[in-house]
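Nothing fancy with the numbering, it's 1 onward along the sequence.
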Amino acid sequence: MSRWTIRGERVVDETRRLRLSIASVELPDGVQFEQYVLRMPKAAIMVVLDDQERVLMLWRHRFIIDRWVCELPGGYVDPGEDPAVAAAREVEEETGWRPNNVTRLLELQPSVGTTDSENLLFVATGADYLGVPEDINETERVEWIRLDSVKERIARGEIVGASSIAGLLHVLAFPR
């Protein structure tokens, strides 16, 4: 009985990576309002673990928040692409490591009140080194960090991305 109803939606801008629209919404009590809605393609992110209690991370600058942060590798899923394959592809492109034993971890929506941005997280145990990543624009540094340092890095604000935090805390809470 408390379902909100979209009465219409008009596109403000659209690219291959996002669709910004304004939705006309009606609440169960009849009140109507407009809300910006951002729709983005699925993203696939991977937690890559090794046998030494470490996780593969990227150190990169995020211009939107103008901060250096530590993140899990990941990116958009191409149309028709299997999300697990996309996650593995992104790990290889961004880090130079090929993940092994990939399984699905969880699904999340980082900003569910205004954004449809499905994030599919996977976990891999082990990885094979292929070489230095070709794309110099993705990251400043690729490194294996100790899992026992994750909570402290989150507290210091080094790890701020919702998907990175969710994936890392999930692995810490539910060890394999």
Side-chain angles (χ1 to χ4, degrees), residues 1-48 55-91 93-95 102 104-123 133 135-141 150-151 153-173:
M1 299 298 292
S2 63
R3 183 182 178 119
W4 296 15
T5 305
I6 297 175
R7 295 291 179 206
E9 193 169 339
R10 65 185 186 278
V11 175
V12 175
D13 193 16
E14 187 167 17
T15 70
R16 68 184 186 100
R17 294 293 186 216
L18 71 84
R19 178 180 179 189
L20 178 63
S21 61
I22 298 175
S24 298
V25 180
E26 184 176 337
L27 301 177
D29 66 3
V31 172
Q32 295 184 18
F33 66 94
E34 291 189 327
Q35 166 96 24
Y36 278 100
V37 177
L38 180 61
R39 299 185 191 282
M40 299 176 66
K42 286 181 187 176
I45 298 98
M46 190 171 297
V47 180
V48 182
V55 61
L56 186 62
M57 301 289 290
L58 307 173
W59 180 253
R60 65 186 308 177
H61 182 260
R62 284 298 189 179
F63 78 93
I64 294 171
I65 59 173
D66 193 21
R67 285 179 58 186
W68 286 91
V69 294
C70 202
E71 294 182 347
L72 295 172
Y76 293 117
V77 178
D78 292 333
E81 185 177 26
D82 177 273
V85 171
R89 172 181 53 75
E90 290 289 341
V91 171
E93 290 173 4
E94 294 178 351
T95 71
V102 175
R104 190 176 177 121
L105 189 63
L106 62 100
E107 171 186 333
L108 70 98
Q109 289 276 355
S111 181
V112 74
T114 56
T115 307
D116 179 3
S117 177
E118 184 178 18
N119 283 216
L120 305 170
L121 278 83
F122 297 86
V123 64
D135 189 350
I136 63 166
N137 299 311
E138 286 291 344
T139 184
E140 176 70 20
R141 184 172 73 240
V150 164
K151 288 189 253 179
R153 289 170 186 260
I154 291 170
R156 284 196 314 252
E158 288 179 24
I159 304 172
V160 297
S163 293
S164 290
I165 290 173
L168 292 166
L169 292 179
H170 190 283
V171 197
L172 289 171

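- Scanning both residues, Val77 and Ala43, for their nearest heavy atoms gives CG2-C, 4.1 Å.
- Side chain of Arg67 to backbone of Gly157: a donor-acceptor contact under 3.5 angstrom is found.
- When all heavy atoms of Leu72 and Leu58 are compared, the pair lying nearest together is O-CD1, 4.4 Å.
- Side-chain contact between Thr139 and Thr95 is absent, with no heavy atoms from C-beta onward closer than 4.5 Å.
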(Q) Run Val48 and Val91 through side chain to side chain contact (heavy atoms under 4.5 Å, CB included) and show every step you take. (A) CA-CA 9 Å; Val48 182; Val91 171; 4.1 Å; yes

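- Ala87 and Phe122 make their closest contact through CB-CD1, 3.8 Å (heavy atoms, listed as atom of the first residue, atom of the second, distance).
- Atoms CZ and SG, from Arg141 and Cys70 in turn, are 7.5 Å apart once rounded to the nearest 0.5 Å.
- Nearest heavy-atom pair, Gly167 versus Leu121, reported as atom, atom and distance to 0.1 Å: CA-CD2, 3.4 Å.
- Listed by chain and residue number, Lys42, Glu107, Gln109, Leu120 satisfy the side chain to side chain contact (heavy atoms under 4.5 Å, CB included) test with Glu118 (two or more places apart in sequence, or in another chain).
- Applying the side chain to side chain contact (heavy atoms under 4.5 Å, CB included) rule to Ala23 yields the partners Ile6, Glu9, Val25, Val37; only residues at least two apart in sequence or on another chain are considered.
- Rounding to the nearest 0.5 angstrom, the gap separating the CD atom in Glu138 from the CD atom in Glu93 is 7.5 Å.
- In terms of modelled atom types and a separation under 3.5 Å, the side chain of Glu94 and the main chain of Gly74 share a donor-acceptor contact.
- For Arg62, the side chain to side chain contact (heavy atoms under 4.5 Å, CB included) criterion is met by Arg60, Ile65, Val69, Glu71, not counting sequence neighbours.
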Q.
Before you tell me yes or no, could you show the steps for Thr114 and Tyr36 under side chain to side chain contact (heavy atoms under 4.5 Å, CB included), namely the whole-Å CA-CA distance, both residues' side-chain angles and the distance that decides it to 0.1 Å?
A. CA-CA 7 Å; Thr114 56; Tyr36 278 100; over 6 Å; no

(Q) I'd like to know whether Arg89 forms a side chain to side chain contact (heavy atoms under 4.5 Å, CB included) with Asp78, so could you lay out the CA-CA distance, the side-chain angles of the two residues, the decisive distance to 0.1 Å, and finally the verdict. (A) CA-CA 11 Å; Arg89 172 181 53 75; Asp78 292 333; 3.7 Å; yes

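- Residues Val150 and Ile159 approach most closely at O-CD1, 4.3 Å, considering heavy atoms.
- For the atom pair Leu168 CG and Ile154 CD1, the distance stands at 6.0 Å (nearest 0.5 Å).
- In this structure, Phe33 and Trp4 have perpendicular ring planes: the angle between them is above 60°, well past the 30° mark.
- Expressed to the nearest 0.5 Å, how far CE of Met40 lies from CG of Asn119 amounts to 8.5 Å.
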(Q) Assess the residue pair Arg153 and Met57 against the criterion (side chain to side chain contact (heavy atoms under 4.5 Å, CB included)); give the C-alpha distance rounded to whole Å, side-chain angles, the decisive distance to 0.1 Å, and a yes or no. (A) CA-CA 12 Å; Arg153 289 170 186 260; Met57 301 289 290; over 6 Å; no

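- Evaluation of the side chain to side chain contact (heavy atoms under 4.5 Å, CB included) rule for Ile136 yields no partner, not counting sequence neighbours.
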List, one per line, each side-chain donor-acceptor pair under 3.5 Å for residues 10-19, sequence neighbours excluded.
from	atom 1	to	atom 2	distance (Å)
Arg10	NH1	Glu34	OE2	2.9
Thr15	OG1	Arg17	N	3.1
Thr15	OG1	Leu18	N	3.2

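- In plain terms, the two heavy atoms of Pro110 and Ser117 that are nearest each other are CD-O, 3.2 Å.
- Between the CD atom of Glu158 and the OG atom of Ser164 there is a distance of 12.5 Å, given to the nearest 0.5 Å.
- For Asp82, the salt bridge (charged side-chain N to carboxylate O under 4.0 Å, His left out) criterion is met by no residue, not counting sequence neighbours.
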